[in-house]
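Hydrogens, waters and symmetry mates play no part in the numbers below; they use all other heavy atoms, side chains included. Computed from a predicted model, the values in this text were never measured in an experiment. Naming convention: chains lettered A, B, ... in sequence-line order (proteins, then strands); numbering from 1 in each chain.
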Number of protein chains: 2
Amino acid sequence: MAPVPSGVLGAVDPTSDRAVFRQIADQLREAIDRGRFKEGSKLPSEAELVEHFGVSRMTVRNSIGVLQGEGLISAEHGKGVFVRPRPPVRRLASDRFARRHRDQGKSAFIVEADAAGSRPEVDSLEVKEEKPSRDISARLGSPRKVLARRRRYLLDGRPVEFAVSYLPLDLARGTRIAEPNPGPGGIYARLEEAGHRLDHFDEEVRARMPSPGEAKMLRLASGVPVIHLVRTAYDTEGRAVEVCDTVMAADAYVLAYQLPAT
Amino acid sequence: MAPVPSGVLGAVDPTSDRAVFRQIADQLREAIDRGRFKEGSKLPSEAELVEHFGVSRMTVRNSIGVLQGEGLISAEHGKGVFVRPRPPVRRLASDRFARRHRDQGKSAFIVEADAAGSRPEVDSLEVKEEKPSRDISARLGSPRKVLARRRRYLLDGRPVEFAVSYLPLDLARGTRIAEPNPGPGGIYARLEEAGHRLDHFDEEVRARMPSPGEAKMLRLASGVPVIHLVRTAYDTEGRAVEVCDTVMAADAYVLAYQLPAT
DNA sequence: CAGTGGTCTAGACCACGTG
DNA sequence: ACGTGGTCTAGACCACTGA
């Protein structure tokens, strides 16, 4: 068993008021912050830390759990504990739905990822009619049924976002919007062709820890929150024509908005 | 010791592939979701769960840890484990910095909280000159020193937000902006009086788990992420005149934006 | 005071990943 | 086969809360 690199980690004081596992977590955190353990690199194994600090394994595991909860490290069964790499973030600009950005063939996600040198994928595509939740229904003006378009987005094989678009049935049924591939420019282009010129979008942004289902769908490490974004699209007559409910891996995104000062 | 209420929690299957502590976490999560344990109410004690499921205490504690990480429950030493109440959220609208909202005497935070029936407080107010971080410096056009205005916001005694405003020294030194109370309309009103008419704001929104210092400052329970918001204010000449760096308790906020469709 | 969660020990066996 | 983390036990003592 390799010893812990000398000088990187000190000793703990069992008589201190601060719990031993917190002292160990503090030392590891500081070592990571100072770059003594680099992004993606392996921390000393539990056994090595037990040896180094002279504590029981549960104490070491407890300290590792603290840093996992902070999103700093993640454990991989059979391999070790690693400093969590910060993945490249996708920047969502507030003008991303402007008409000029509607590409002829490809979706905004694909275009943008290609430009950034990432490999984009969309999977789990599912389109079906269903009864809306109370919340979605209220936002769309209480339709009895809606068309739901579900899909998951991945970058370089990593799932980063899961989104569901809801549209009132009278706008969607029988159009390309109800097909898996809605055609060039996406559903917004189809809505405008049908006479529903878009006026503006409302976006609501929340952050929270993922449900177990979301963590699985996005393959989230512990300590990674999600950004929950609900966007409502309005046409020029003030009618809500679409609600898009999106859950994003928070470590993969930064949202950018421009606000008028007037 | 009171028994676990009958019918609410079942049994675990030690031969299952799913770990026992996950099965217990699943059962507790489902009971909470179904409302069998209401918001703010106390869960069975660790000892009662040990008795009910016939497992060791560490197993029960492990399952409790899972739900804490999800932000569903929080433990209080000496009292018990409770279903985490969802605090009222503060909605930040994208027009919150419009001139018409600049109240004569009070800050936007105070006005809004009063209207919502909450008791607002601002503390830890600190104003000083300092050397900016690389990031802040870049956003402000690389000034050598800046004025930093730090403050913490509380609602009904609960800290919800910690904010730091940075301004280039040449705009702030010798003005009311450099005083703890910048006067009616706040620093934006002072900037405009000095001829820096505001044109727009850029906001960047991220979500992540808090650092230990942030968790302490905002008294965050485990399983509560923070929203990190960086806003840059530009005047009509395109100069960045202020950067505001804000860390918010994610369970206390929803951000609302309006985006043009053009 | 009794009851609660917080910390810690010293073991055990299992499941995963790699050589 | 071996080293890694994952799960689990059966205890112990401590610190906080409330009656």
**Report entry** Comparing A/Gly78 and B/Val81 on DNA chain C - which has the more 5′ nearest nucleotide
**Finding:** B/Val81
Query raised in the report: Does A/Met217 offer a backbone N or O that forms a donor-acceptor pair with the side chain of A/Arg152 under 3.5 Å?
Result: yes
For residues 59-67 of chain B, tabulate all N or O donor-acceptor pairs below 3.5 Å that involve a side-chain atom, not counting sequence neighbours.
from, atom 1, to, atom 2, distance (Å)
B/Thr59, OG1, B/Ser56, OG, 3.4
B/Arg61, NH1, B/Glu46, OE2, 2.8
B/Ser63, OG, B/Val60, O, 2.6

Requested in this report: Starting from P on D/dA15, measure out to CG on A/Asp17 and report it in whole angstrom.
Outcome: 8 Å
Query raised in the report: What is the distance, rounded to the nearest whole Å, between atom NE2 of B/His77 and atom P of D/dC16?
Result: 7 Å
Query - Side-chain heavy-atom pair A/Val89, B/Arg206 within 4.5 angstrom cut-off - result: no
Query - Basic-acidic side-chain contact under 4.0 Å: B/Arg139, B/Asp135 - result: yes
Report task. Using a cut-off of strictly less than 4.0 Å between a heavy atom of the residue and any atom of DNA chain C, enumerate the qualifying residues of residues 56-72 of chain A by number. Result -> A/Ser56, A/Arg57, A/Met58, A/Thr59
Requested in this report: Please list, in 5' to 3' order, the outermost nucleotides of DNA chain C lying under 4.0 Å from any heavy atom of chain A.
Outcome: C/dT7 to C/dT18
Query raised in the report: Base, sugar-phosphate, or nothing for A/Arg22, non-hydrogen atoms under 4.0 angstrom?
Result: sugar-phosphate
**Report entry** pair B/Asp17-B/Arg22: side-chain heavy atoms closer than 4.5 Å
**Finding:** no
Query - B/Leu72/B/Arg84 under side chain to side chain contact (heavy atoms under 4.5 Å, CB included): CA gap, chis, key distance, verdict - result: CA-CA 6 Å; B/Leu72 277 182; B/Arg84 217 150 63 71; over 6 Å; no
Report task. Can you tell me the distance, in whole Å, between the CG atom of A/Leu49 and the P atom of D/dG3? Result -> 17 Å
Report summary line: Taken to the nearest whole Å, NZ/B/Lys79 to P/D/dT17 is 7 Å
Query raised in the report: Heavy-atom distance under 4.5 Å between the side chains of A/Glu130 and A/Tyr166, does that happen here?
Result: yes
**Report entry** Sub-4.5 Å side-chain heavy-atom contact between B/Leu49 and B/Arg57
**Finding:** no
